[in-house]
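A quick write-up on the structure given underneath.
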Amino acid sequence: MKIKLIYVGKTGKKFLEDGEKEYTKRLKRYVPFEVVELADVKNAKNRSEDEIKNIEAETILKNIKANDHVILLDEKGKEMTSVKFSNYIQKQFNSGSQGLVFVVGGPYGFSETVYQRANDKLALSKLTFSHQMIRMFFIEQLYRALTILKGEPYHHQ
């Protein structure tokens with residue numbers, strides 16, 4: 001199974017980019033992993049929040065295949081421990097799905113069309129983080145989940 005992370009906008013902070021690169025490199029030892037960075041909406045200052053979300057939705061949905069299992073990283077999603085998340089990933093592997101796609105929206109979240117396409121929603125925390133930080137946190141948690149599944153000593157309980 002291939003795992004893809006789609007996100008809107010550049011990270012823009014070197015320390016976060018370095019963290020993303022480090023955990024992406026580690027992750028690729030376990031599973032095919034792709035990151036898709038979508039451009040910010042042009043002329044956003046002159047557009048409403050809904051208009052921005054709808055434009056982002058078009059580009060997000062173009063990067064999702066019909067048979068992909070789509071999980072939104074969303075504040076309204078389910079919260080899990082790292083171990084429960086690793087079990088969730090294993091369940092997705094066992095389902096026979098071709099691709100697992102995680103999506104981080106822009107600063108205003110997702111449009112209704114993206115919510116309708118999603119198979120699931122996952123919250124990384126009740127705290128609010130910038131969408132740039134969520135990317136690195138998520139990649140690290142995905143790496144952690146795969147080390148848990150392999151029984152490797154990265155995660156301690």
Side-chain angles (χ1 to χ4, degrees), residues 1-13 16-17 19-20 23-24 27-28 30-146 148-149:
M1 174 185 290
K2 183 176 185 176
I3 299 177
K4 183 190 294 187
L5 173 63
I6 299 172
Y7 59 76
V8 176
K10 293 193 178 294
T11 299
K13 301 285 184 200
L16 292 172
E17 290 171 352
E20 286 177 35
Y23 286 107
T24 296
L27 198 57
K28 287 184 175 184
Y30 298 92
V31 66
F33 181 69
E34 176 187 4
V35 174
V36 177
E37 178 182 281
L38 304 176
D40 284 314
V41 172
K42 292 184 186 338
N43 300 318
K45 286 186 249 178
N46 301 325
R47 300 179 189 271
S48 70
E49 288 181 22
D50 283 341
E51 194 177 1
I52 292 169
K53 290 191 294 187
N54 289 332
I55 293 168
E56 290 171 349
E58 287 179 36
T59 58
I60 289 169
L61 295 172
K62 283 180 187 173
N63 285 278
I64 296 171
K65 296 177 185 163
N67 59 351
D68 283 337
H69 187 87
V70 178
I71 301 104
L72 304 181
L73 299 179
D74 185 86
E75 65 187 8
K76 300 174 211 130
K78 290 183 256 181
E79 289 188 18
M80 299 181 194
T81 65
S82 294
V83 172
K84 284 186 180 179
F85 181 58
S86 70
N87 292 332
Y88 177 84
I89 294 296
Q90 183 65 60
K91 182 179 172 187
Q92 300 311 312
F93 286 160
N94 295 345
S95 75
S97 177
Q98 293 281 326
L100 194 53
V101 179
F102 292 89
V103 185
V104 178
Y108 302 115
F110 299 106
S111 74
E112 191 56 38
T113 56
V114 175
Y115 279 118
Q116 289 171 2
R117 172 57 182 91
N119 299 95
D120 218 342
K121 293 181 291 195
L122 176 66
L124 293 184
S125 174
K126 288 184 186 228
L127 298 172
T128 301
F129 299 105
S130 72
H131 56 284
Q132 294 94 347
M133 293 178 85
I134 288 296
R135 300 168 193 166
M136 186 186 68
F137 294 159
F138 171 74
I139 297 169
E140 188 279 338
Q141 282 300 300
L142 185 56
Y143 169 73
R144 180 178 298 272
L146 295 174
I148 290 169
L149 292 175

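One is the number of the first residue; the rest follow in order along the sequence. All values below come from the heavy atoms of this structure, side chains included, with hydrogens, waters and symmetry mates left out. Everything numeric in this text was worked out from a predicted model, so none of it was measured.
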Report all side-chain donor-acceptor pairs from residues 59-72 shorter than 3.5 Å, counting only partners two or more places apart or in another chain.
{"unit_1": "Thr59", "atom_1": "OG1", "unit_2": "Glu56", "atom_2": "O", "d": "2.9"}
{"unit_1": "Asn63", "atom_1": "ND2", "unit_2": "Thr59", "atom_2": "O", "d": "2.8"}
{"unit_1": "Asp68", "atom_1": "OD2", "unit_2": "Lys65", "atom_2": "N", "d": "2.8"}
{"unit_1": "His69", "atom_1": "NE2", "unit_2": "Gln92", "atom_2": "OE1", "d": "3.3"}

Sequence neighbours left out, what passes ring-ring contact (aromatic ring centres under 6.0 Å, His included) with [X]? Give chain and number order.
X: Phe33; result: none
X: Tyr7; result: none
X: Phe129; result: Phe137
X: Phe85; result: none

Nearest-0.5 Å distance, [atom1] of residue [X] to [atom2] of residue [Y]:
X: Glu17; Y: Gln132; atom1: CD; atom2: CD; result: 10.0 Å
X: Ile6; Y: Leu38; atom1: CD1; atom2: CG; result: 6.5 Å
X: Asn43; Y: Ile55; atom1: CG; atom2: CD1; result: 9.0 Å
X: Ile139; Y: Glu20; atom1: CD1; atom2: CD; result: 5.0 Å
X: Gln141; Y: Ile89; atom1: CD; atom2: CD1; result: 10.5 Å
X: Met136; Y: Thr24; atom1: CE; atom2: OG1; result: 11.0 Å

Counting only heavy atoms from other residues, nucleotides and ligands, does the tally under 6.0 Å from CD of Glu79 exceed 12?
yes

Quick check on Tyr108: does its OH atom have over 12 non-hydrogen neighbours (other residues, nucleotides or ligands) under 6.0 Å away?
no

Could you give me the CA-CA distance, side-chain angles and deciding distance for Asn54 and Glu58, then say whether side-chain hydrogen bond (donor to acceptor under 3.5 Å, both in side chains) is met?
CA-CA 7 Å; Asn54 289 332; Glu58 287 179 36; over 6 Å; no

Output, in order, the C-alpha distance, side-chain angles, deciding distance and verdict of side chain to side chain contact (heavy atoms under 4.5 Å, CB included) for Met133 and Leu16.
CA-CA 7 Å; Met133 293 178 85; Leu16 292 172; 3.9 Å; yes

Determine whether Asp50 and Lys53 satisfy the following criterion, side chain to side chain contact (heavy atoms under 4.5 Å, CB included), listing intermediate values before the conclusion.
CA-CA 5 Å; Asp50 283 341; Lys53 290 191 294 187; 3.5 Å; yes

Do [X] and [Y] have side-chain heavy atoms sitting under 4.5 Å apart?
X: Met80; Y: Leu122; result: yes
X: Ser86; Y: Arg144; result: no
X: Asp74; Y: Phe110; result: yes
X: Phe93; Y: Ile3; result: yes

Assign the ring pair Tyr143 / Tyr23 to parallel, tilted or perpendicular, where the plane angle (0 to 90°) is split at 30° and 60°.
tilted

Test salt bridge (charged side-chain N to carboxylate O under 4.0 Å, His left out), reference Glu37, set Lys4, Lys10, Arg135, output is Lys10

Among pairs that include at least one residue of residues 116-127, which meet side-chain hydrogen bond (donor to acceptor under 3.5 Å, both in side chains), considering only residues two or more places apart or in two chains?
Lys78-Asp120, Tyr88-Asp120, Arg117-Asn119

Which pair of non-hydrogen atoms, one from [X] and one from [Y], has the smallest distance, and what is that distance?
X: Arg47; Y: Lys42; value: NE-O, 3.0 Å
X: Ala123; Y: Gly77; value: CB-O, 3.5 Å
X: Asp40; Y: Gly9; value: OD1-CA, 3.2 Å
X: Ala57; Y: Val114; value: CB-CG2, 3.5 Å

Val8 and Val41: CA distance, side-chain angles, deciding distance, side chain to side chain contact (heavy atoms under 4.5 Å, CB included) verdict
CA-CA 9 Å; Val8 176; Val41 172; 5.9 Å; no

